[in-house]
Amino acid sequence: MTVTIGVLALQGDVREHVAALESVGARGVPVRRLGELDAVDGLILPGGESTTIDKLLRAFGLFEPLRERIARGLPVYGSCAGMILLAERVIGGREDQRTLGGIDMTVRRNAFGRQVDSFEADIHVAGFGPAPFRAVFIRAPWVEQVGPRVRVLARVAARAGESTGRIVAVQEGTLLATSFHPELGADNRMHAHFVQMASGNNTRRT
Ligand code: GLN
């Protein structure tokens, strides 16, 4: 059966995620309403501006329902602003900024700093084999700290010569998050991985 993945369509690069999902054989549908949320096997929170998406989630009455579904095991993948939304704790957020939470991690918003607002890097992602993943970072967060159940999937050096690098991809149970934007590149392995995670979901209601 075809896996149906919703893409939260309040703000951000929705179309690119839908195209990436379709390139790996899933159905990608925009989600703006509660009813639409209950018809998907998994949900992508796209990049954009986490403070704006937070406000819109509340305005559209999706904030609490989404929190509840995350707690019940809905597979969710957050990229960039979406990663911030899945974090339990945020450094550098706006004072009134809330997150959906779900992943036991602290993220630092706009972590890479002004000089390197946007950049690309070849990174290695755990489970993706030896071929590097070309990652696009746009005013990206990094993960400052993770809890014991969080699996670190990838790191990137924040400055030349840094040996360990900053955490930029993580997974905890049914939740996946990346600092970067796989939907903007040609490599669809991250979307394939998420579709695989969502294909086991049994929280769907319709
Ligand atoms: N800096 C943005 C934020 O704080 C995230 C940027 C992005 O999603 N490309 O939400």
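Keep in mind the model is a prediction, meaning the values are calculated, not measured. Both counts, for ligands and for their atoms, begin at 1 and track the order of listing.
- Contact atoms of ligand 1 toward Arg139: 1 (N), 2 (C), 5 (C), 6 (C) (distance under 4.0 Å to a heavy atom of the residue).
- Between Tyr77 and Thr178, the shortest heavy-atom distance links the atoms OH-OG1, 2.8 Å.
- In this structure, atom 1 (N) of ligand 1 lies nearest to the protein heavy atom Asn110 OD1, 2.7 Å.
- Taking a cut-off of under 4.0 Å to the non-hydrogen atoms of Arg109, the atoms of ligand 1 that pass are 3 (C), 4 (O).
- For ligand 1, none of its N or O atoms has an N or O atom of Gly47 under 3.5 Å away.
- The contact set between ligand 1 and Ile84, taken as ligand atoms under 4.0 Å from a residue heavy atom, comprises 3 (C), 4 (O), 10 (O).
- Below 3.5 Å of separation, one finds no N or O of Thr51 facing any N or O of ligand 1.
- Closest to atom 10 (O) of ligand 1 among all protein heavy atoms lies Ser50 N, 2.5 Å.
- Backbone and side-chain nitrogen or oxygen atoms of Ser79 are examined, and none is located within less than 3.5 angstrom of a nitrogen or oxygen of ligand 1.
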Counting only pairs under 3.5 Å, give me each side-chain donor-acceptor contact of residues 10-17, with atom names and distances, residues two or more places apart or in other chains.
| from | atom 1 | to | atom 2 | distance (Å) |
| --- | --- | --- | --- | --- |
| Gln11 | OE1 | Glu49 | N | 2.9 |
| His17 | ND1 | His191 | NE2 | 3.0 |
| His17 | NE2 | Glu183 | OE1 | 3.4 |

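- In plain terms, the two heavy atoms of Gly28 and Val18 that are nearest each other are O-CG1, 3.6 Å.
- In the vicinity of Cys80, heavy-atom distances shorter than 4.0 Å reach the ligand 1 atoms 5 (C), 6 (C), 7 (C), 8 (O), 9 (N).
- Of the residues listed (Arg69, Arg33, Arg72), the one engaging Asp38 in a salt bridge (charged side-chain N to carboxylate O under 4.0 Å, His left out) is Arg69, and it is the only one.
- In Glu49, the parts holding a heavy atom less than 4.0 Å from any atom of ligand 1 are both the side chain and the backbone.
- Proximity of a side-chain donor or acceptor of Ser79 to a complementary backbone N or O of His181 within less than 3.5 Å is not detected.
- Taking the six-membered ring for Trp and thresholds of 30 and 60 degrees, Trp142 and Phe112 have ring planes more than 60 degrees apart, a perpendicular arrangement.
- Taking the six-membered ring where the residue is Trp, His193 and Phe128 present perpendicular rings, their angle passing 60° and hence far from 30°.
- Of all the heavy atoms of Ile53, none lies under 4.0 Å from any atom of ligand 1, so neither backbone nor side chain is involved.
- Note on residues 93-105: pairs passing salt bridge (Lys or Arg N to Asp or Glu O under 4.0 Å), not counting sequence neighbours, are Glu64-Arg98, Arg89-Asp104, Arg94-Asp96.
- Distances below 4.0 Å separate heavy atoms of Gly48 from the following atoms of ligand 1: 2 (C), 5 (C), 6 (C), 7 (C), 8 (O), 10 (O).
- The His181 neighbourhood of ligand 1 comprises atoms 7 (C), 9 (N), with distances under 4.0 Å to a heavy atom of that residue.
- Closest approach of Val152 and Ala126 over heavy atoms only: O-CB, 4.5 Å.
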